[in-house]
Amino acid sequence: MLIGPLVSMMKDKVSSYLLDEYKVMEGMEEHREILERKLPAILDIIEDAEEKAAHRAGVRAWLKALKKVSYQANDVFDEFNYEALAREARKKGHQPHHNMLGMDVVSLFPAYNPATVFRHRMGKKLQKIVQDIEVLVAEMNAFRFGYVQQAPPSKPYRQTDPVLIDCERDIVKRSRNEEEEKIVKILLDHANNVDLLVLPIVGLGGLGKTTFVQLVYSNPKIENHFQFQKWYCVSEDFDVGNIARSICNSTEKDIEKVLQDLQKEISGKRYLLVLDDVWNQDADKWQKLVTCLQHAGTGSALLTTTRDAKVARIMSLKFYNLGNLDDVFLKEILKGRAFSFQKPEHAEMENNVNEIVKRCAGSPLAAKAIGSMLSTKTSVGEWMAVLKKSSICNVETGILPILKLSYDNLPSHMKQCFGFCAVFPKDYNIDVDNLIHLWMANDYLPLEEDVSLETTGRRTFEELAWRSFFEDAEETKLEDKNFSHFRSIERCKIHDLMHDIALSVLGEECTTITGRPIQKELLSKHSRHMFSSHLDSGTNLIDFLKKQAPTLQTLLCPCPGARIWTPHMPKCNSLRALKLPDCSAFKIRPRHLQHLRYLDLSTNWWIKQLPEEISILYNLQTLNITGCHEFCRLPRDMKYMSSLRHLYTEGCESLKSMPPDLGKLSYLQIMTYFVASASSSCSTIGELRNLDLGGRLMLSCLEDVTEAQAQADVLKNKEKLKHLSLEWSSKCHEEPLPDCHKKVLYALEPHNALEKLRIVGYKSTSLPTWMKDLSSLQKHLTVLHLVRFSTCGEFPQFSHLQALQILHLVQLDKLQSLFNDEASLTFLNLKELQIRNLKSMERWVAIEGREGEVLFPQLENLVIQGFPNLATLPETPNLKVVELDEDKAQLSLLIVGCRYISLLSKLELTVRVKEASLELDDENVESPLLELKLSGCDFLFLSSPTQPAVGMWRWFGKLVSLEMYLCGALIYWPEDAFQSLEQLQQPR
């Protein structure tokens, strides 16, 4: 029931130093002392009470009462804390209007002292809390709960080893190889059948059905065989309209029109559709979808996964039962986890592995979960205790007993953090940073001396991910084509069974509304956290919020639609976290949001500014207005928002300046976009000097930075800052003062731990010393973008950056070569190179005769545009993607000149110049080219009695897939050419 973390949270708030410093509990000291004595006593017995609640209804009722009063007490002490922060702000000079604070009574009756009114109101609330706690303590003593010795703390935090994760994937692939080939054969053998093939994959939860189907889905034979592939996770909600919308990317609300769009999308195409995690037992719904899916090309197939054989029979008379993972492979996974951070000191620990494997019922998820848990146990006794508690999995229980055991062994704050995730729908892509901020907003993370909450949150996530509570954690790059900023998001998912564990813990307190109208039975009166992604939830949602407003702590509405009902939103006085991405204005009064820690208004195209009253949100930790393109002004009094830690502002293109004195926000950890200004009424870059910023930062309008502001180091000490973007605006037409840009860039030298650097619009003729050689950044810098250097004649020694993986050089008017006379002309780790509009560049190396020494051994992606003097390509043995924008003669020269291009298995050529042809030297050896995508120009392949091209066919002898987009291609080939071709696609 997770009562312990709530009581612990209350105990910490009762002891807050702020309450003493600003005397907000004056006259209530006795009540506070009672709580300081009795809360630790409750914590001593809470574990015993929670164990006995499983068998005694009276204890369960007592715990529910304790939970209720704990929530109430936390609200009360948050009010005390807010009052302390408000007094601190007033002491610093903040003078908000009384109506901002909801203190109209004071303005009507000046004789009333605000402190007296507050003390009287809060005294009554605190007295009620103390009375309830005393009653609960008396009942606690009657129950005779005992003190339970706390388990020793887990081993120190450790980073998840990606090598181990990759090894586990390889184990699963090896173990499923025969089954994979069997399913692939079934799909390929169906190629000439006009009927839709429906093949359900059935197996216990956690057996790896989704992973198995992913192997099939990404098999090269399958990718080349099907013209259209789509994956959709269904879970409990089998909504035909939503499934159809996802497949054909339709925005239609009417289901019949959506199904018509779906038929048009798949008509004549051989497609593979995967419906993952199906629970639907409504045969009519299934038949309606299948009837529509029948209108497809010959050989189309539908793969599904389900835990239930009854569901599988509704879908098809024939289905495939996925076998258990072989014990040999299961043992590899379990031992890899259990012994990954320790060597077994006793033979008994090694011997126990076989017994534990038996209890995993062939499930890789169970093996990973229990193996991760065992890695924290360092003695034989602890291993034996796990064996005694774990049950053998069976058809009825699945692997839930092992997963529950893994959950039970978590520290209490991790239980609470994971339980909160029940608010997200199944298969939801969770932004990891946002998740950590939401944990912070709800006070789930314990305070540790000299450790930031962000660090604690990251450690908590990594530990939970290691124990398999999260999966598929990966970074998604959101870098736009105009190089405007760096941005990457780490996302993760929760396995369905783990989601079931979260629901069993906090399900009653979480309301999740997805693609269906709100049903009254879904809206629990105990809900404290709510997620709604349904567009038409308006009236029902407002009715629900009116009932839950006093207790609702989290309201997340990530999809458009909130604009319709936001103006009618009730007062949610307990909200800690709020996400409303589609409201035309900020309609909720800040005085009703005093507890708010997290406010996300991102991707809001209509909002232009926030009300000045927002400055009274003294508790606010995270403010996200990313992508609010019309947003033009932040509140002037932001400097008084003393708890602010994360300010996400990138994409706010209309923002002209920053509010004054942002440097006073001592807790600010992240500020993604800063508009520089020379005005005394705005914050200048000097304000950044004392901020401990991390993550990513974009500094724009640097042309407004004065020489005086650029005197001292601003960023040099910011070790946690990983992504830095510096931009002089192209809108500034005046010539810069002599060396002004250089002095500003000199002052903005970053810490040597920087990973990504982007500089745009630099206009001085030379570079500061740190930019010339970049030697201080060579160990960590992986991405470098230089854009619009119109007058600069000096450039960095690029080859010094041996860690560099991505290099973009755009509009560097005076750059003549990529290398000077360095001894080494090799980029060891470079994977992506983009060179655009370099009108002065003539060769790769400044000294003639060394062009052949240039080597890019890891380069996969090469983009060349506006490079009129380029004569050769360097040696690129791993090149996979080439994008060229040159004239006809130059294109042929580039392709033929690259001798390693014949080693490619996949090649994409995008050319925007018309009438360019692809001509390949007939002296080339036979190429392993399997996939070729041609886009954007006329490619002419000739093989006729009058113009043979025997050598060219060596390129296409093994070609499986040929795609041509926006190409007017005329092709002749002999009868024996393209024998392996399975897919020929030329969209109209």
Side-chain angles (χ1 to χ4, degrees), residues 431-438 440 452-454 457-458 475-480 482-491 579 581 597-604 607 609-610 614 620-635 638-639 641 643-659 662-663 665 667-677 682-685 687-702 714-715 718-727 729 748 750-751 753-760 783 785:
D431 181 326
V432 175
D433 283 337
N434 279 348
L435 178 61
I436 292 171
H437 298 340
L438 289 169
M440 292 170 58
S452 71
L453 284 171
E454 291 79 4
R458 173 55 63 170
E475 191 174 84
T476 304
K477 295 181 180 178
L478 299 176
E479 203 170 314
D480 67 16
N482 296 318
F483 321 107
S484 64
H485 60 274
F486 298 122
R487 192 177 175 207
S488 59
I489 292 179
E490 186 183 3
R491 299 186 183 277
K579 179 177 177 62
R597 273 90 159 166
Y598 175 98
L599 177 60
D600 186 349
L601 302 172
S602 58
T603 63
N604 190 318
I607 193 168
Q609 63 183 40
L610 296 173
I614 201 127
L620 195 68
Q621 299 169 343
T622 300
L623 175 60
N624 189 346
I625 50 174
T626 299
C628 296
H629 300 289
E630 298 296 319
F631 195 89
C632 58
R633 187 170 67 86
L634 288 163
M638 282 190 71
K639 62 184 177 184
M641 299 170 69
S643 300
L644 196 63
R645 308 173 73 94
H646 319 114
L647 179 59
Y648 294 98
T649 47
E650 72 262 40
C652 296
E653 300 164 357
S654 301
L655 195 60
K656 303 301 181 185
S657 62
M658 308 301 289
L662 285 182
L665 296 175
Y667 287 112
L668 198 61
Q669 306 277 313
I670 292 174
M671 180 163 50
T672 56
Y673 179 61
F674 185 95
V675 183
S677 173
C682 304
S683 282
T684 65
I685 61 169
E687 296 287 340
L688 304 178
R689 193 169 293 115
N690 297 321
L691 294 176
D692 187 22
L693 295 178
R696 59 188 187 272
L697 171 65
M698 177 179 177
L699 298 178
S700 73
C701 298
L702 291 176
V714 176
L715 307 175
K718 295 183 176 15
E719 183 177 1
K720 293 185 289 186
L721 191 65
K722 301 302 181 183
H723 305 171
L724 176 64
S725 182
L726 308 174
E727 183 170 343
S729 174
L748 295 177
H751 190 276
L754 194 74
E755 296 174 0
K756 298 181 181 180
L757 174 63
R758 169 183 169 271
I759 303 176
V760 179
V783 179
H785 290 188

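Everything numeric here is computed off the predicted structure, so don't read it as measured data.
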Quick check for you: to the nearest 0.5 Å, what is the distance between [X] atom [atom1] and [Y] atom [atom2]?
{"X": "Q621", "Y": "I670", "atom1": "CD", "atom2": "CD1", "result": "12.0 Å"}
{"X": "L757", "Y": "S725", "atom1": "CG", "atom2": "OG", "result": "8.0 Å"}
{"X": "I759", "Y": "E727", "atom1": "CD1", "atom2": "CD", "result": "11.5 Å"}
{"X": "L668", "Y": "E687", "atom1": "CG", "atom2": "CD", "result": "11.5 Å"}
{"X": "R689", "Y": "T684", "atom1": "CZ", "atom2": "OG1", "result": "7.5 Å"}
{"X": "R633", "Y": "S657", "atom1": "CZ", "atom2": "OG", "result": "9.0 Å"}

* Kindly give the heavy-atom pair with the smallest separation between L721 and R696, and that separation in Å. => CD1-C, 4.1 Å
For [Y], is there any backbone N or O sitting under 3.5 Å from a side-chain donor or acceptor partner on [X]?
{"X": "K718", "Y": "L691", "answer": "yes"}
{"X": "S602", "Y": "N624", "answer": "no"}
{"X": "S683", "Y": "L662", "answer": "yes"}
{"X": "S643", "Y": "L620", "answer": "no"}
{"X": "H646", "Y": "Q669", "answer": "no"}

Determine whether [X] and [Y] make a side-chain contact, defined as any pair of heavy atoms from C-beta on separated by less than 4.5 Å.
{"X": "M698", "Y": "R758", "answer": "yes"}
{"X": "R645", "Y": "S452", "answer": "yes"}
{"X": "L754", "Y": "L715", "answer": "no"}
{"X": "K656", "Y": "V675", "answer": "no"}
{"X": "I614", "Y": "L599", "answer": "yes"}
{"X": "L748", "Y": "L724", "answer": "no"}
{"X": "C652", "Y": "I625", "answer": "yes"}
{"X": "L665", "Y": "M671", "answer": "no"}

* Structure fact -> Sorted by chain and residue number, the salt bridge (Lys or Arg N to Asp or Glu O under 4.0 Å) partners of D431 (sequence neighbours excluded) come out as none
* Asked: Does the side chain of Y673 pick up a donor-acceptor pair with the side chain of S700 at under 3.5 Å?
  -> yes
* Would you please test E755 and H723 for side chain to side chain contact (heavy atoms under 4.5 Å, CB included) and show each step? => CA-CA 6 Å; E755 296 174 0; H723 305 171; 4.2 Å; yes
* Assess whether side chain to side chain contact (heavy atoms under 4.5 Å, CB included) is satisfied between V432 and R458, documenting all intermediate values. => CA-CA 9 Å; V432 175; R458 173 55 63 170; 3.7 Å; yes
* Asked: L699 and L688: side chain to side chain contact (heavy atoms under 4.5 Å, CB included), yes or no, with the steps?
  -> CA-CA 11 Å; L699 298 178; L688 304 178; 3.6 Å; yes
* Under 6.0 Å from the CD atom of E719, do we count more than 12 heavy atoms belonging to anything else shown? -> no
* **Lys/Arg-Asp/Glu bridge criterion (N-O < 4.0 Å) met for E454, K720** => no
* To do: Evaluate the criterion side chain to side chain contact (heavy atoms under 4.5 Å, CB included) for residue pair T649 and F674; output intermediate values, then yes/no.
  => CA-CA 8 Å; T649 47; F674 185 95; over 6 Å; no
